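Remarks on the structure that follows.
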Amino acid sequence: MLEVRDSHAYIGQTYVLKGVSLEVRHGEIVALIGANGAGKTTTLSTISGLTRSRRGKILFRTDPDGTQRDITRAPAEEIVGMGISHCPEGRQVFSDLSVWENLLIGAYLRKDKQAIQSDLRWVCELFPILGDRRRQSAGSLSGGEQMMLAIGRALMSRPRLLLLDEPSLGLAPILVEVIFEMLEQINAQGTTILLVEQNARMALELAQRAYVMETGRVTLSGTGRELAENEEVRKAYLGAT
Amino acid sequence: MMGWNRLRWFFPMLILAGAILVFVLRSTMNDYVLSIVCFTGINIILAVSLNVTNGFTGLFSLGHPAFMAVGGYVAAILTFPVARKAMLLPALPAWLAAQQWSLLPALILGGLGATFAAFRVGFSVLRLKGHYLAVATLGFLIILQVLITNLESYTRGPLGLNGLPMLTNLWWVYVWAVITIYVCWKVKHSSLGRSMLAIRENEIAAECLGIPLARTRIMSFALGAFFAGVAGGLWAHLVTAITPTTFSVIMAFNLVVMVVVGGSGSITGAAFAAVMLTVVVEVLRPLEESLEAYGISEVIVAIGLLLILLYRPQGLFGSQEPAFVVRQRQRVSGEVGRASSYQNGKGGGIKSIF
Amino acid sequence: MGGYIAQQLVNGLILGSMYALVAIGFTMIYGIIRLINFAHGDIVMIGAFVTLGLVISGKIPFPVIMILVFIAGALMGILIERAAFRPMRGAPQVTGFITSLAIAILLQNLGILLLTAQPRNFFCPDYLQTIFNFGPVSLRAIDFSIVVIAVVLMVFLVLLVRFTRLGMAMRATAENLNVARLMGININRTIMLAFAIGSGLAGVAGMMWGGKYGQIDPLLGFVPGLKAFVAAVIGGIGSIPGAMLGGYLLGFGEVLFVGLLPPIYSSYRDAFVFTTLILILLVLPTGLLGRKTEE
Ligand SMILES: Nc1ncnc2c1ncn2[C@@H]1O[C@H](COP(=O)(O)OP(=O)(O)OP(=O)(O)O)[C@@H](O)[C@H]1O
Ligand SMILES: [Mg+2]
């Protein structure tokens, strides 16, 4: 579905991605783990078009039998329309907008009024709290609620591929469990997920496949289980001694 | 070490060459040309001193003409002949009405007056950052204009003071320009100057290095103001008149243009840009008058600035002094100074400090 | 005395309406790209001259002229954004500020170059000059129209921003450019729209300015522009209701300062306005209705 080939990217003057390659197949949950500053967030933002890569290719295919499109140079606002939704690091809901408006703006490019309504209902079933708080400004939600709103907002564009950046950031463990369950559900309903996580243990459990990044490069890849059992990964990310 | 030897000789030679040039100009040129050269010199003083505030420390001030006005009025009132004072400024307090100073002490007191104003204003305003500071200093400029216009017993309001003795000549301007450049150069290459550059690049990092932010900021503001005050005095005694409208937003703009075009932080750049801008404006002036195309020089300057901002935002010289003035730029820029090259896109010197 | 004060308050309302219209543009542009656009005041001047040109050139009815002036202001705003601000997006804040100052100087002096610095008489149709008396307060039809039109435009704007898809996109863009892009919002278009609406309103304010004061010149926009900026800061720059509130507060404040204090102080009017600015910046940098944010 998504193929990143040897992507090189700079942020300002800093050389951040030094040749990242990865692949996401239809229906998968793929995890991307790595230390702070490894370039995970940057990888997602080169995919979603917020950061331009200097070299390399990013290819995307909406359906298994559809044609493959080169989205390397496409601007962020067009990439959403192609079916990739990026839920950014640190939630970043629009705090001045109401909860409801945040969800509606997630569907900004869509014209199908009926379907938007049913998707709103779907998101509110996934995260009932959002329905209860719909008139409230998003800034007044708690951190966990904002996370749900951010995921809900990202889902409102009906993505085929959801890019999630650290959904567990700053959440209570119990809430993390809830969110991860939701992700599984969302995936089961047909959305492919590329998940960046610090919580490597849970991410590797959830994901079918995973990549490990270190200083701008992918250094390891494999199925979630393989990596969870890998000696280096255990030492570096799972806290094994 | 070579660089220092070069420097030791370079500056005295340059000063001497300048003095010879002044001498030659004064004995060959007519008054019109000389006055243009004087204006150029005064603009050099203004641009180089504004560069301390705007360029070194990155405090974007539009208030420079205000300090110039303070210095100009103080000096003008002090040198104004007693007889004319009695006529034009009858409401002046007696002790002041009896004063008639010569130029040098009047200039210095004018400069000190401007410095004092800078301390007063800077104390509160310098907490602001970026464009808010710019707006606040612009507000200060307008407030000061209003005050000058209304303090009629000292300033004769909108009419201004005219018939000042023409005390400024090229020698005065030259000496003050040299002093300004020398002092600003010394400051730039002292620890105070490095603190200023560090604040410009990264306030938080500078604070972590133990640099006193408030004090350094106000020092750079006040230092700039002193020379602006002196320049105001020179200006008043060159034009032989002083009115509140001279110290306008346009003037603030032109001074900022000099700093930006020269390259924020570069003394050579500021001086060079001052010369260039004065010459452009003076060359265009006759054209403006003969074609009645008023405004054309401002239009050209504004377009020039826009082009520079677009295509060479770091200015002509960046924040450095060009190689023909200083060979060993690392020595003079110092460690933190090198960090400034980072933002100017000349390579990542930043690693060398952390 | 009561009548005098009532008259002053009405004058404040008129002045405040014009400040508010201009302040809205400052605040919209600042809200979205964090730029203090000093050239904004000069759109007022352009609006005034376009009006004059249209009035002279033929028998176009005034309401149509107003629409044309709005369009002219909007086009000017778009032109400035495209030519100067867009290429500099991402540059340091102060660069944008210097750019806007350069454009302000450029527009003023182009005005002087093309139209000369001589003030020109502004024409208003007779029906706008009719004087109405409401008790002690006397009003020209034009004064009345200024307030009504300003209020109508502001109501429109508030509705647009609060309740339309476009308004939602603008608010989202103002809060976070990058995330707005992730939603599929074309931020270039949104920014252009903010410039267009803000500048259009400033153009209309210029038309009002000419009608109110009867004379126009190429420098007329700068000081009112600065004052409108002060109004935007009072209200909390970035907030549209704040700009409206700030505009009226400043209008009333200025008129009362001149009207109630002994005449000797009236020449300190501008000093009063800018002292207010500095005080607000120091004491209440987010203004009355501004969001408490970074910076
Ligand atoms: N705006 C920026 N300016 C300069 N450098 C940046 C910027 N954003 C990111 N970087 C650098 O790029 C590198 C990669 O950053 P990135 O945010 O992609 O890391 P990450 O893997 O997401 O880290 P984390 O797990 O902490 O979120 C880091 O070294 C970071 O310092
Ligand atoms: Mg990250």
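Computed from a prediction, not measured in an experiment: that's the story for all the values here. Every chain is numbered from 1, with letters handed out A, B, ... down the list of sequences.
Looking only at heavy-atom pairs under 4.5 Å with chain B, the residue among C/Ile112, C/Leu282, C/Ile264 that has the most is C/Leu282. The candidate from B/Ile300, B/Val256, B/Val135 with the greatest count of non-hydrogen atom pairs under 4.5 Å with chain C is B/Val135. Top candidate by heavy-atom pairs under 4.5 Å with chain B, chosen from C/Thr275, C/Thr95, C/Asp270, is C/Thr275. Between chain C and the options B/Leu138, B/Asn150, B/Val249, heavy-atom pairs under 4.5 Å are most frequent for B/Asn150. Chain B forms more heavy-atom pairs under 4.5 Å with one residue of C/Val233, C/Leu277, C/Leu101 than with any other, namely C/Leu101. The greatest number of non-hydrogen atom pairs below 4.5 Å with chain B, out of C/Ile103, C/Asn109, C/Val273, is found for C/Asn109. Among the candidates C/Ile278, C/Leu107, C/Leu226, the residue making the largest number of heavy-atom pairs closer than 4.5 Å to chain B is C/Ile278.
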Q) Can you list the steps and then say if B/Phe140 with B/Phe67 is a ring-ring contact (aromatic ring centres under 6.0 Å, His included)? A) CA-CA 10 Å; B/Phe140 166 62; B/Phe67 298 126; 5.6 Å; yes
**Q.** Stepwise side-chain contact (heavy atoms from CB on, under 4.5 Å) check, B/Ser264 with B/Arg200
**A.** CA-CA 10 Å; B/Ser264 296; B/Arg200 180 182 85 175; 3.8 Å; yes
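Proximity to chain B is absent for every atom of C/Leu114, based on heavy atoms less than 4.5 angstrom apart. Interface residue B/Leu128: only side-chain heavy atoms are found under 4.5 Å from chain C. Only the side chain of C/Phe229 comes within less than 4.5 Å of a heavy atom in chain B; its backbone stays farther off. Within the 4.5 angstrom heavy-atom criterion, atoms from both the backbone and the side chain of B/Val299 approach chain C. Contacts between B/Tyr294 and chain C at a heavy-atom distance below 4.5 Å involve backbone atoms as well as side-chain atoms. Only the side chain of C/Phe97 has a heavy atom closer than 4.5 Å to any heavy atom of chain B. Contacts between B/Leu291 and chain C at a heavy-atom distance below 4.5 Å are absent for every atom of the residue. Proximity to chain C is limited to the side chain of B/Leu62, based on heavy atoms less than 4.5 angstrom apart. Heavy atoms closer than 4.5 Å to chain C are found in both the backbone and the side chain of B/Leu306. Only the side chain of B/Ile142 has a heavy atom closer than 4.5 Å to any heavy atom of chain C. Contacts of B/Val301 with chain C are absent, with no heavy-atom separation under 4.5 Å from either backbone or side chain.
Exactly one of C/Thr190, C/Ile32, C/Leu35 qualifies for a side-chain contact (heavy atoms from CB on, under 4.5 Å) with C/Phe195. That residue is C/Leu35.
Within the 4.5 Å cutoff, the side chain of B/Leu197 has no heavy atoms near those of the B/Glu201 side chain. Within the 4.5 Å cutoff, the side chain of C/Ile98 has heavy atoms near those of the B/Phe60 side chain. Between B/Leu46 and B/Leu50, the closest side-chain pair of non-hydrogen atoms is not below 4.5 Å. In this structure, the side chains of C/Met88 and B/Leu310 come closer than 4.5 Å at one or more pairs of heavy atoms.
Within a 6.0 Å sphere centred on CZ of B/Phe272, heavy atoms belonging to other residues, nucleotides or ligands number 12 at most. Under a cut-off of 6.0 angstrom, the local environment of OH in C/Tyr265 is sparse, with at most 12 non-hydrogen atoms contributed by other residues, nucleotides or ligands.
Relative ring orientation between C/Phe257 and C/Phe272 is described as parallel, the plane-to-plane angle staying below 30° on a 0-90° scale split at 30° and 60°.
Comment: B/Arg285 does not engage B/Glu288 in a salt bridge, judged by the lack of any side-chain N to carboxylate O separation of less than 4.0 angstrom.
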